[in-house]
Amino acid sequence: DLQALRLGDGTFLTVVGGWNGVGAEKAFWRALHAAACERFKTVLGPNANKLHEDHFHLDMAKRNRGYALCE
């Protein structure tokens with residue numbers, strides 16, 4: 001699970017603070033979510049459900065017929 005990141009310049013970003021934010025931070029989290037969907041079999045983020053409103057769940061679980069879940 002991914003809840004927050006610290007950038008090289010020391011900036012601390014959180015999913016809960018940035019997902020519905022404005023500007024560059026919102027764009028960053030949206031782009032990160034989209035990129036994760038290209039690499040992981042399961043990506044659940046704030047739009048998936050209430051349980052994931054403050055973090056991303058990422059996993060590589062095997063699924064039938066190569067199915068992937070990106071929400």
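FYI, the numbering just counts along the sequence from 1. Keep in mind the model is a prediction, meaning the values are calculated, not measured.
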Which residue pairs satisfy the disulfide bond (SG atoms under 2.5 Å apart) criterion with at least one member in residues 3-37, sequence neighbours excluded? C37-C70
Please list, chain by chain and in numerical order, all residues satisfying side-chain hydrogen bond (donor to acceptor under 3.5 Å, both in side chains) with D59, sequence neighbours excluded. T42, H57
Can L32 be reached from L69 by stepping across I, L, V, M, F, W or Y side chains whose heavy atoms are under 4.5 Å apart? no
Show the atom names and distances, to 0.1 Å, of all donor-acceptor pairs under 3.5 Å that link a side chain in residues 6-17 to residues at least two apart or in another chain.
| from | atom 1 | to | atom 2 | distance (Å) |
| --- | --- | --- | --- | --- |
| R6 | NH1 | G10 | O | 3.2 |
| D9 | OD1 | T11 | N | 2.9 |
| D9 | OD1 | T11 | OG1 | 2.7 |
| D9 | OD2 | T11 | OG1 | 3.2 |
| T14 | OG1 | G17 | N | 3.0 |

Please, which pairs that meet salt bridge (Lys or Arg N to Asp or Glu O under 4.0 Å) have at least one residue in residues 18-41, sequence neighbours excluded? none
Can you name the side chain to side chain contact (heavy atoms under 4.5 Å, CB included) partners of A48, sequence neighbours left out? L44, E71
Set of residues satisfying ring pair (Phe, Tyr, Trp, His ring centres under 6.0 Å) with respect to F56, sequence neighbours excluded: W19, W29, H33
Among all residues two or more places apart in sequence or in another chain, which pass the side-chain hydrogen bond (donor to acceptor under 3.5 Å, both in side chains) test with E53? K50
Not counting sequence neighbours, which residues clear side-chain hydrogen bond (donor to acceptor under 3.5 Å, both in side chains) with N49? List them please. H52
